[in-house]
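Fair warning: this is a prediction, and the values are worked out from it, not measured in the lab. Values below: all heavy atoms of this structure, side chains included; hydrogens, waters and symmetry mates excluded. We name chains A, B, ... by the order of the sequence lines, and we start the count at 1 in each one.
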Amino acid sequence: MAQIIETTDLAKTYGHFGALRGLDLSVPEGSVFAVLGASGAGKTTLIKILVNIIEPSRGTARILGVDSCAIDPDTLANIGYVSESQAMPARLRLADFFAYLRPCYARWDEALESELRAQFALPADRRIGELSHGMRLKMALACALCFRPRLLVLDEPLSGLDALARDEIIAGFMGQASGTTILISSHELDEVQRFATHVAFLHEGVLLFQGSMQSLADHARPLLHSRDGEPASLRDIFVAMVRAARQSG
Amino acid sequence: MVGLTVGVQVGRTWAGASSDLLHASPAAGALLHPLTLAWFIGIAALTVAAVHQDPIPGVDQDWLIRPLRRTQLLLAKLAFLGITVSGPMLVMDLVTGLAAEMPFAPVLEAALAKDLFVFVCLIVPVAALAATTRNMTDIILFGAALFLVFSVSLSLSAFFLGAEWCPTCGTGMVWLQHFAQHLLILLGALIVLLLQYYRRRSAIARAVALIGAASLVYIQLPWSSAYAIEVRLTEPNRAAAPVALELEASSPQASVGSRSGQPAARGRMDRAIDYLHHRAHEDQTTIAIPVRVSGIADEQLVLLDRSQVRIVRADGRLLHEHIGVGRSAGLSMDAPNDAIADGLASQVVDVPANVDAGSEASGVRLQIEYSMTLLDLRAAHRVAAAGGELRSPDVGACATRVHRDTVTLSCRAIGAAPACYSAAVYSADGRLGAEALRCDGDYRRHWPTLIDVLSPYGVEFQLRGSSVLDPAELARAYFVLKVYGERAHFKRSLSAALAPFE
């Protein structure tokens, strides 16, 4: 399987603090790849490096075959991006924001836009600054899906949402992004377990594991001796791995 | 915000048009300065707001992950400011010029030059500063930091270098320094914009801006370079060859004394030096040396740009040096507005107490080098003092008015007003009633105005109690307006051997 994202010895430091410490990560094309970790593990730093919002201190990252530091508008036109902290023009109305984005993407699908706006019940005449957190995330997701990106990057899209909003968001990207590679960062392990095909565990900037969900189960078996026959949850595996990392570190 | 900025521009244009000598509207006069300030603030605020629509510092902005070309983004913002600021400004400048019945082509040329100047020297630098910040609070704080750096640099420079911190200041050649500073600002602004829009290096960009603010003070054009450039820009000629300065031989006297008191001695030059030797109680002594000026033709003026006074020993050791510009150059004569004419002038030299010139066993020399500019007459016009009108490419449009015992000549020039002009009012039979010379000694060429496309200038004489021209004669009196232009820049030196005293 081709790799849509590859990082080599990727590191980011802020002063003496190492946010990322030599990550070698590969995201297969067509996967739903979840980057999991506690707050401060380096998930958002990794994602912002991948889309060239910040530069790495060391190492390289390639996204859609392009060095992340040299990412160009043509590459960005194939990446949908949603972040919980995305600062959008607060004074624009939703309809105006969609109108502003349409010419930016050659593959913008207006029928899909209508469908998504209806699916998420987005009010066209409301200003972005007046939207709730959940509504803003739904709008950002709709904007990220309308041009049918090859890669959808979701940075903590579920955080701070109620169960209903989470379901709507998950249904949104899982239902409309078939064929699209999805990279999602989250610390909501139970939710991610429902749809991820691949996972990576990050702990204090270090990659503890990456691979498919099946290989994760195989990898975690020696760490989880107490539950005979019962499948281990993502949460159990993650906690066990972090404990093991702390003991060995 | 665009509407507000345009509104301020309209108000300021009205106030400017209503504030010349002949149409002095009190309301317009009172509003002119606040509206000018509001005009600058409005343009700056609109520029900042346009840039801050897509702020560059930070990691959460939506535009960073959109397929936007940075060049297009930058050009779009500059184009927006061009349309919303420069466009209305151009229209208003044209309307102002044409309403004053000025010819279209020169008004258009001046308006375009002004708009380009405002765009390049105000909008682009403000956009660059805005690009280093995220919001209005950030830019106000950063602007305060820049102002602080500039002020501290200025204070330090003036403290350590004195008047020499700016060798061209106070002279007509300061425009070269201003030109260099504007180039520096533009260059710095372009570097900051490129750093921000293509590399997003906010810390480096801010450092560039702070270093640039200090550089505006510390990077100064040396006098010799400014003079050489100015001479090179002037068409070669020998017009200044006949102009001579000599120590007055027939009256070889100098007066000496403290700055605050009466002359303490008057007599030969060596007596002056003798006084210096014995004046331990004085903190500074002033010597006034007679200088004979000759060779200045009729309808010519000479401006003193700079004087360099040196007192040196015979072995070449410098005892004292003073550099003066403009009024502080020290050469003065009984002529209006610092102009030098044929006749006897007086060179004033301030000698500090620690210069013990008189104690030298060998002779002491006084050396003075003058840098001067010869101006010649470019245009002369006669216009009736009461209700007269004058239009000419040299002077612009002028009108006159007599009101009781006051006679006024009010003009508007396209672009900058003449840097050097004289106006005199004569009676019908040719008796001079009053005259004034306004000479800024500004040698710039094609320097656009920043605020108004038409620049007002003129004179006003009050003739109450005049012994020459009775106010009753003003109805038939006339003005003569003369405009002078620079012809040649030249140097003259004086040197006097000061014999040792017994």
Pick whichever of B/Arg69, B/Gln61, B/Arg70 has the most heavy-atom pairs under 4.5 Å with chain A.
->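 Most pairs with chain A among the choices: B/Arg69.
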Among B/Arg134, B/Lys77, B/Arg200, find the residue that satisfies the salt bridge (charged side-chain N to carboxylate O under 4.0 Å, His left out) test when tested with B/Asp54.
->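 For B/Asp54, the salt bridge (charged side-chain N to carboxylate O under 4.0 Å, His left out) check succeeds only for B/Lys77.
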Partner residues of B/Arg199 under the salt bridge (charged side-chain N to carboxylate O under 4.0 Å, His left out) criterion, sequence neighbours left out |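 Once residues adjacent in sequence are excluded, B/Arg199 has no partner under the salt bridge (charged side-chain N to carboxylate O under 4.0 Å, His left out) criterion.
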Heavy atoms only, distances under 4.5 angstrom: which of A/Ile79, A/Val153, A/Leu101, A/Asp72 has the most pairs with chain B? Name it, please.
->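 With the most close heavy-atom pairs to chain B, the winner is A/Leu101.
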If you count heavy-atom pairs under 4.5 Å between each of A/Ala77, A/Gly80, A/Pro73 and chain B, which one has the most?
->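 Sorted descending by pairs with chain B, the first entry is A/Pro73.
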In residues 85-97 of chain A, what donor-acceptor pairs under 3.5 Å come from side-chain atoms, sequence neighbours left out?
unit_1  : atom_1 : unit_2   : atom_2 : d
A/Ser85 : OG     : A/Ser83  : OG     : 3.2
A/Ser85 : OG     : B/Asp60  : OD1    : 3.0
A/Gln86 : OE1    : A/Ser83  : N      : 3.0
A/Gln86 : NE2    : B/Asp62  : OD1    : 2.6
A/Arg93 : NH1    : A/Asp125 : O      : 2.9

Part of A/Ile71 lying under 4.5 Å from any heavy atom of chain B |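 It is neither, since no heavy atom gets under 4.5 Å.
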Are the side chain of B/Arg201 and the backbone of B/Ile204 linked by a donor-acceptor contact shorter than 3.5 Å?
->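 Between the backbone of B/Ile204 and the side chain of B/Arg201 there is no qualifying donor-acceptor contact (under 3.5 Å).
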